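Model, not experiment: these values are computed from the prediction. By convention in this document, chain letters (A, B, ...) are assigned in the order of the sequence lines, proteins followed by strands, and residues within each chain are numbered from 1.
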Protein chains: 2
Amino acid sequence: MRADARKNHDHVLAVAGAVITEHGVDASLRDIARRAGVGLATLLRHFPTREALLDALLRTRFDELTATAGELATSNSPEDALVSWLRDCVTCAREYRGVVALMAAAIEDAESALHASCVTMRAAGTRLLARAQAAGAARTDIDGTDLFALVAALAWLGDQASFTPRSDHLFDVVASAILASAESSEAEGERRPRARS
Amino acid sequence: MRADARKNHDHVLAVAGAVITEHGVDASLRDIARRAGVGLATLLRHFPTREALLDALLRTRFDELTATAGELATSNSPEDALVSWLRDCVTCAREYRGVVALMAAAIEDAESALHASCVTMRAAGTRLLARAQAAGAARTDIDGTDLFALVAALAWLGDQASFTPRSDHLFDVVASAILASAESSEAEGERRPRARS
DNA sequence: ACCTGAACACCGTTCAAGT
DNA sequence: ACCTGAACACCGTTCAAGT
């Protein structure tokens with residue numbers, strides 16, 4: 001990449017981070033380009049989609065999350081490691097308001113620039129979940145996709161101004177559901193779970 | 001209302017229901033007006049905001065939900081009544097893709113045309129929750145706003161194509177958290193809950 | 001190589017002018 | 001009373017023309 005191109009790339013990224021932090025993930029790309037002092041077409045040439053821009057902004061965080069998952073798997077109890085990592089994920093996914101909806105779409109859209117990061121994140125979560133399940137610390141009727149979905153839902157709740165004050169508490173509520181070791185996967189339907197045959 | 005205005009009103013509403021069912025809640029109002037054969041300004045005169053249009057579309061469902069809450073409170077066990085009603089809520093909030101985000105914003109925006117419906121819905125849920133809590137069937141550290149938030153989160157999950165296949169299962173997971181009678185409100189932090197002093 | 005202005009087809013808002 | 005076309009200020013996409 002040419003020196004002037006590199007400079008544009010980095011400057012646009014810095015401005016985009018500031019604008020998206022303020023206005024959320026649907027911020028006007030034209031506005032970002034304007035504030036960065038480049039043409040809109042230049043922004044689009046460096047980051048061909050909104051997802052590509054977000055992935056560039058979050059790449060470092062995603063890598064940190066993956067590294068953290070590896071460390072937690074050896075340094076903490078299966079239960080603590082899982083919950084602590086989930087909290088980190090929610091915090092990360094909340095960094096830019098609205099990004100979690102893009103991530104939900106990206107997880108099964110191989111064309112999305114966010115796809116690889118989301119898949120990696122789900123895989124790291126799946127490993128921590130499996131470890132907790134093997135230790136009897138997490139319910140066994142959920143998988144990595146469910147975990148990703150629950151994290152996404154919690155991040156979404158944090159994005160909504162009306163729910164933000166309760167989002168930490170709601171994290172605990174959902175976390176307790178994940179940790180409930182052998183909780184009935186038939187919480188309703190049958191009023192009282194029948195004894196195992 | 002004049003007869004021709006009434007006819008426009010009803011026809012626009014019918015077309016809007018079809019278009020929003022197909023394209024979600026961010027469907028182009030211009031497109032709706034076009035398909036209804038009226039000017040965009042006419043649509044805006046009948047429904048001054050997107051929320052007003054949605055409220056008109058969902059009004060019947062909201063009223064049904066309130067009525068159902070009353071019936072369930074007398075005809076079913078506290079636990080069954082709560083879970084059954086929550087399921088109805090999620091189904092309702094999923095009728096139009098994306099509407100749950102508008103509802104989340106409307107619950108604390110008194111100016112929104114959806115505000116009253118959301119507040120009524122939260123109140124009905126709060127009553128069913130209190131009944132279940134009094135019966136020892138629901139955890140006591142959540143309130144009506146938390147319940148509204150959890151329903152919204154589940155509806156949001158159902159809106160995301162990648163999570164839709166698991167949305168029923170995720171409902172059960174979250175429902176089990178709500179029903180866990182005296183589940184620790186400190187699921188993490190302390191690894192093992194200390195004995196009550 | 002890299003950048004950019006301009007044209008394009010959209011969007012929701014607003015209002016003067018019509019019936 | 002009610003309706004509407006048109007002007008307005010936006011949006012993201014695309015590309016021919018410049019350096």
Proximity to the side chain of Ala5(A) - top-ranked nucleotide from dT4(C), dC3(D), dC2(C): dC2(C)

Are Val100(A) and Arg94(A) close enough, and set up right, to give a side chain to side chain contact (heavy atoms under 4.5 Å, CB included), and what steps lead you there? CA-CA 7 Å; Val100(A) 73; Arg94(A) 281 187 54 187; over 6 Å; no

Contact class for His9(A) vs. all strands (heavy atom < 4.0 Å): base, sugar-phosphate, or nothing? nothing

d(CD1, Ile32(B); C1', dC10(C)) in whole Å: 15 Å

So Thr145(B) and Arg166(A), side-chain hydrogen bond (donor to acceptor under 3.5 Å, both in side chains) or not? Walk me through it. CA-CA 8 Å; Thr145(B) 296; Arg166(A) 306 294 285 175; over 6 Å; no

Round to a whole Å and report the spacing from CG of Asp31(A) to P of dC10(D). 10 Å

Residue met sooner reading DNA chain C from 5', once Arg30(B) and Arg2(B) are mapped to nucleotides: Arg30(B)

Out of dT13(C), dT13(D), dC2(C), which has the shortest distance to the side chain of Leu44(A)? dT13(D)

Starting at atom CZ of Arg6(A), determine the distance to atom P of dC3(C), rounded to an integer number of angstrom. 12 Å

Where the side chain of Leu29(B) is concerned, which of dG12(C), dC3(C), dC3(D) is the nearest nucleotide? dG12(C)

Evaluate the side-chain proximity of Ser84(B) to Asn76(B): yes if any heavy-atom separation is below 4.5 Å, no if none is. no

Looking at every strand, decide which applies to Ala3(A) at a 4.0 Å heavy-atom threshold: base, sugar-phosphate, or nothing. nothing

Between dA1(C) atom C1' and Asp4(A) atom CG, what is the distance in whole Å? 8 Å

Residue Arg50(A), side-chain atoms from C-beta onward, closest of dG12(D), dC11(C), dC3(D): dG12(D)

May I ask you to decide if the ring planes of Phe163(A) and Phe148(B) are parallel, tilted or perpendicular, using 30° and 60° as cut-offs? tilted

Under a 3.5 Å cut-off for both contacts, is dG18(C) paired Watson-Crick or G-U wobble with anything, and if yes, with which nucleotide? dC2(D)

Interatomic distance, Leu43(A) CG vs dG5(C) C1' [rounded to whole Å]: 16 Å

Under 4.0 Å between a side-chain N or O of Asn8(A) and OP1 or OP2 of dC2(C)? no

If you look at every strand shown and take non-hydrogen atoms under 4.0 Å, does Arg45(A) touch a base, only sugar-phosphate, or nothing? base

When we call it a touch if two heavy atoms are under 4.0 Å apart, what does Ala41(B) touch: a base, just sugar-phosphate, or nothing? base

To the nearest angstrom, the CZ-C1' distance between Arg34(A) and dG5(C) comes to 14 Å

Considering every strand shown, what is the Watson-Crick or G-U wobble mate of dC8(C) when both distances are under 3.5 Å? dG12(D)

When all nucleic acid strands are considered with a 4.0 Å heavy-atom cut-off, which category describes Ser28(A): base, sugar-phosphate, or nothing? sugar-phosphate

Separation of atom CZ in Phe47(B) from atom C1' in dG12(C), rounded to whole Å: 17 Å

Side-chain contact check for Leu40(B): nearest option of dC3(D), dC2(C), dT13(C) is dT13(C)

Just by distance, no angles: are the side chains of Arg34(A) and Ser28(A) close enough, under 3.5 Å, to form a donor-acceptor pair? no

According to the salt bridge (Lys or Arg N to Asp or Glu O under 4.0 Å) rule, which pairs have a member within residues 95-123 of chain A, sequence neighbours left out? Arg61(A)-Glu95(A)

